[in-house]
Amino acid sequence: RPFKPGYCSSWEWHTDKRYRADRIAICNQLSGERKHECNSPDGFCKDKCPFKNGTYPFWRIRNADTVPFLWTIRSCQMYDNPNARFYLTREPTKGYASTFFGPGYYASNAFDNNIDSIWVSNGMSAPGLNWIAYEFDHPVQINSIRLVGEADHPDRTPRKLVVEASCEKYFRTFNVQWVIDNPQHQTDKRFNRPRR
């Protein structure tokens, strides 16, 4: 990607460690004599992504199982901890996905807290092919997710899903956070990050 002054201050500027030294040099050149706060020995910034405390601004759920026809989600609620009563995904327009079936089946439907609306993937979902994501206004940690699918079509809910986080909206680089196991294709369940 081209380097611009604003990029030096973005969350994603140093996600690729291979080019860190070059990026620091370019950012220093673009920003003049101002010392760049990310030019630290360990490569982490106290106020930029990726954060040592495990928070990220972009989170997604990716299927790790074949869904033979369509993958559907009526509601997706993300929480910062397993005991939280209030979910963090409150703005539907912050939702986005790898695909959607067509008009009326947008990713935002999964985050509008209305089980009468639905997100539908576009066609068969091979493992790892499709994902649904949410863009937070600030970095968060997600440790619990409630998923509601179609009760009359449990086969449209994957048996296994991967929860991933990134500093970049479209997940060019990402970190696997935890795995959701749902062998019975349960269509309304809250899943918590496994304890280490």
Side-chain angles (χ1 to χ4, degrees), residues 12 15 54-82 84 86-136 140-196:
E12 54 187 317
T15 53
T55 62
Y56 291 86
F58 302 101
W59 288 79
R60 74 178 177 185
I61 304 165
R62 188 165 49 91
N63 71 304
D65 174 38
T66 298
V67 182
F69 181 50
L70 298 167
W71 174 17
T72 61
I73 297 178
R74 289 193 178 278
S75 182
C76 177
Q77 299 169 340
M78 298 182 180
Y79 303 81
D80 57 359
N81 71 77
F86 301 103
Y87 52 89
L88 303 178
T89 46
R90 295 187 167 273
E91 178 54 55
T93 59
K94 298 283 188 177
Y96 60 106
S98 55
T99 64
F100 62 94
F101 189 70
Y105 299 103
Y106 304 112
S108 58
N109 292 350
F111 300 102
D112 64 4
N113 200 31
N114 176 7
I115 61 170
D116 291 329
S117 63
I118 191 169
W119 168 72
V120 181
S121 69
N122 188 12
M124 185 182 86
S125 292
L129 182 64
N130 282 314
W131 48 265
I132 186 166
Y134 194 86
E135 175 184 357
F136 291 93
V140 299
Q141 189 172 93
I142 298 299
N143 292 303
S144 182
I145 298 174
R146 180 187 175 213
L147 293 172
V148 178
E150 293 181 276
D152 52 343
H153 291 287
D155 57 314
R156 297 180 183 178
T157 297
R159 288 176 297 184
K160 182 173 282 192
L161 299 159
V162 181
V163 180
E164 298 168 336
S166 182
C167 299
E168 302 167 308
K169 184 167 185 175
Y170 289 99
F171 291 79
R172 185 176 63 86
T173 59
F174 60 88
N175 288 292
V176 173
Q177 298 294 305
W178 45 291
V179 175
I180 293 174
D181 285 307
N182 187 16
Q184 281 80 42
H185 296 274
Q186 290 178 289
T187 57
D188 188 350
K189 186 175 179 181
R190 184 164 168 176
F191 302 92
N192 298 326
R193 182 194 291 258
R195 293 184 179 180
R196 295 175 182 168

**Asked** Passes side-chain contact (heavy atoms from CB on, under 4.5 Å), Asn109 versus Asn114? Steps please.
**Response** CA-CA 7 Å; Asn109 292 350; Asn114 176 7; over 6 Å; no

**Prompt:** How many angstroms lie between CG in Asp112 and OG in Ser75, if you round to the nearest 0.5 Å?
**Reply:** 7.5 Å

**Asked** So, do Asp80 and Val140 sit near enough that their side-chain heavy atoms are less than 4.5 Å apart?
**Response** no

**Prompt:** Closest approach of Leu70 and Phe101, non-hydrogen atoms and distance?
**Reply:** CD2-CD1, 3.8 Å

**Pairing residues for Asn130 by the side-chain contact (heavy atoms from CB on, under 4.5 Å) criterion, not counting sequence neighbours** = Asn63, Trp71, Ser98, Thr99, Ser121, Ser125

**Item:** Counterpart residues, salt bridge (Lys or Arg N to Asp or Glu O under 4.0 Å), relative to Asp181 (two or more places apart)
**Value:** Lys160

Quick one: side chains of residues 148-156, donor-acceptor pairs under 3.5 Å with protein atoms, not counting sequence neighbours, listed by atom name and distance.
unit_1	atom_1	unit_2	atom_2	d
Glu150	OE1	Thr72	OG1	3.0
Glu150	OE1	Arg156	NH1	3.2

**Request:** Working to the nearest 0.5 Å, report the span between CG of Asn182 and CG of Leu161.
**Result:** 7.5 Å

**Prompt:** Quick one: salt bridge (Lys or Arg N to Asp or Glu O under 4.0 Å) partners of Lys189, sequence neighbours excluded?
**Reply:** none

**Request:** Could you give me the CA-CA distance, side-chain angles and deciding distance for Asn175 and Tyr56, then say whether side chain to side chain donor-acceptor pair (under 3.5 Å) is met?
**Result:** CA-CA 10 Å; Asn175 288 292; Tyr56 291 86; 2.8 Å; yes

**Message:** For the residue pair Arg74 / Ser117, report whether a side-chain donor-acceptor contact shorter than 3.5 Å exists.
**Reply:** no

**Pair Ile142-Ile145, side-chain contact (heavy atoms from CB on, under 4.5 Å): steps then yes or no** = CA-CA 8 Å; Ile142 298 299; Ile145 298 174; 3.7 Å; yes

**Asked** Is there a side-chain contact between Val162 and Ile180 (heavy atoms, below 4.5 Å)?
**Response** no

**Request:** Please determine, by modelled atom types, if Glu168 and Thr173 share a side-chain donor-acceptor pair under 3.5 angstrom.
**Result:** yes

**Item:** Heavy atoms of other groups near Phe171 CZ, more than 12 under 6.0 Å
**Value:** yes

**Asked** Can the positive tip of Arg146 be found less than 6.0 Å from the middle of the six-membered ring of Tyr79, inside 45° of the ring normal?
**Response** no

**Request:** Taking side-chain contact (heavy atoms from CB on, under 4.5 Å) as the test, write out the residues that go with Ala110, two or more places apart.
**Result:** Ile73, Cys76, Trp119, Ile132

**Atom of Cys167, atom of Phe58 and distance for their closest heavy-atom approach** = O-CE1, 3.5 Å

**Request:** Would you mind reporting whether Val163 and Val179 have side-chain heavy atoms less than 4.5 Å apart?
**Result:** no

**Asked** Excluding sequence neighbours, so at least two apart, what forms ring-ring contact (aromatic ring centres under 6.0 Å, His included) with Tyr87?
**Response** none

**Prompt:** Which heavy atom in Ser108 sits nearest to a heavy atom in Pro92, and how many Å separate them?
**Reply:** CB-O, 3.2 Å

**Prompt:** Tell me the salt bridge (charged side-chain N to carboxylate O under 4.0 Å, His left out) pairs involving residues 61-73, sequence neighbours left out?
**Reply:** Arg62-Glu164, Asp65-Arg159

**Item:** Derivation of the side-chain contact (heavy atoms from CB on, under 4.5 Å) call for Met78 and Ile61
**Value:** CA-CA 11 Å; Met78 298 182 180; Ile61 304 165; 4.2 Å; yes

**Message:** Restricting to ring-ring contact (aromatic ring centres under 6.0 Å, His included), what partner residues turn up for Tyr96, sequence neighbours left out?
**Reply:** Trp131, Tyr170

**Request:** List the atom of Arg190, the atom of Asn81, and the distance in Å for their closest heavy-atom pair.
**Result:** NH2-O, 3.2 Å

**Asked** For Asn143, what residues pass the side-chain contact (heavy atoms from CB on, under 4.5 Å) criterion, not counting sequence neighbours?
**Response** Pro82, Gln141, Arg193

**Message:** Run the salt bridge (Lys or Arg N to Asp or Glu O under 4.0 Å) test against Glu135 and tell me which residues pass, sequence neighbours left out.
**Reply:** Lys169

**Asked** Do you know which two heavy atoms are closest between Gln177 and Gly54, and how far apart they sit?
**Response** OE1-O, 4.5 Å

**Message:** Do Ser144 and Phe191 make a side-chain contact, defined as non-hydrogen atoms from C-beta onward lying under 4.5 Å apart?
**Reply:** no

**Message:** Going by ring-ring contact (aromatic ring centres under 6.0 Å, His included), name the residues that satisfy it together with Tyr134, two or more places apart in sequence or in a different chain.
**Reply:** Phe111, Phe136

**Request:** For Phe100, enumerate each residue passing the ring-ring contact (aromatic ring centres under 6.0 Å, His included) test, keeping only those at least two apart in sequence or located in another chain.
**Result:** Tyr106

